[in-house]
Amino acid sequence: MRLESGQRFGDLLVEDEIGTGAFATVYRARDEIIGRHVALKVVEREGGAEGERRARAVLREARLMGALSSPYVVTLYRLHVADD
């Protein structure tokens, strides 16, 4: 899923793309409820065994990030799984 500047993703307003990798794109967005900038990581969906492996890896990464508290580690605020 490709997001454009000005597009909404839930309560987030996408501002611009920060970077892209093998299976995810990171955007700078503004949380309009709280009023702060956030990084929004969008992971591309893939079917089959590879898609299942990727989904488990993303969930594992989110759980690890959620368990950490350090000024040197990105804070995870929420995880959203979309049907599409």
J.: Mind listing the closest non-hydrogen atom pair of Leu76 and Gly66 along with its distance?
T.: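 Of all heavy-atom pairs spanning Leu76 and Gly66, the closest is CD2-N, 4.2 Å.
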J.: Considering all heavy atoms of both residues, which atom of Arg54 and which atom of Glu44 are nearest to each other, and what is their separation?
T.: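 Closest approach of Arg54 to Glu44: NH1-O, 2.9 Å.
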J.: Running the 4.5 Å side-chain criterion over Ile, Leu, Val, Met, Phe, Trp and Tyr, what cluster does Leu13 land in, apart from itself?
T.: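 Same cluster as Leu13: nobody, lone residue.
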J.: Are Tyr77 and Asp31 packed together at the side-chain level, in the sense that at least one heavy-atom pair is separated by less than 4.5 angstrom?
T.: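 Side chain of Tyr77 against side chain of Asp31, heavy atoms only: no contact under 4.5 Å found.
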J.: Filter on side chain to side chain donor-acceptor pair (under 3.5 Å), then keep only pairs touching residues 56-70, sequence neighbours left out; what's left?
T.: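 The answer is Lys41-Glu61.
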J.: Apart from Leu79 itself, which Ile, Leu, Val, Met, Phe, Trp or Tyr residues share its cluster (side-chain heavy atoms under 4.5 Å, direct or through members)?
T.: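 Leu59, all in the cluster of Leu79.
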J.: Rounded at 0.5 Å granularity, tell me how far NE2 in His80 sits from CG in Leu12.
T.: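 One finds 10.0 Å between NE2 of His80 and CG of Leu12.
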J.: Provide the closest heavy-atom pair for Ala29 versus Leu40 in the form atom of the first, atom of the second, distance.
T.: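 Minimum heavy-atom contact is CB-CB, 4.4 Å.
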J.: Through direct or indirect side-chain contacts below 4.5 angstrom among Ile, Leu, Val, Met, Phe, Trp and Tyr, which residues connect to Leu64?
T.: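 None; Leu64 is a cluster of one.
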J.: Residues two or more places apart in sequence or in another chain: which of them pass salt bridge (charged side-chain N to carboxylate O under 4.0 Å, His left out) with Glu15?
T.: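 In terms of salt bridge (charged side-chain N to carboxylate O under 4.0 Å, His left out), with neighbours along the sequence ignored, Glu15 is linked to no residue.
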J.: Do you reckon Val38 sits in the same ILVMFWY cluster as Val42, going by side-chain contacts under 4.5 Å, direct or chained?
T.: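 They do share one cluster, since a chain of ILVMFWY contacts under 4.5 Å joins Val38 to Val42.
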J.: Tell me the side chain to side chain donor-acceptor pair (under 3.5 Å) pairs involving residues 18-28, sequence neighbours left out?
T.: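 Every pair satisfying side chain to side chain donor-acceptor pair (under 3.5 Å) with a residue in residues 18-28: Asp16-Arg28, Thr20-Thr25.
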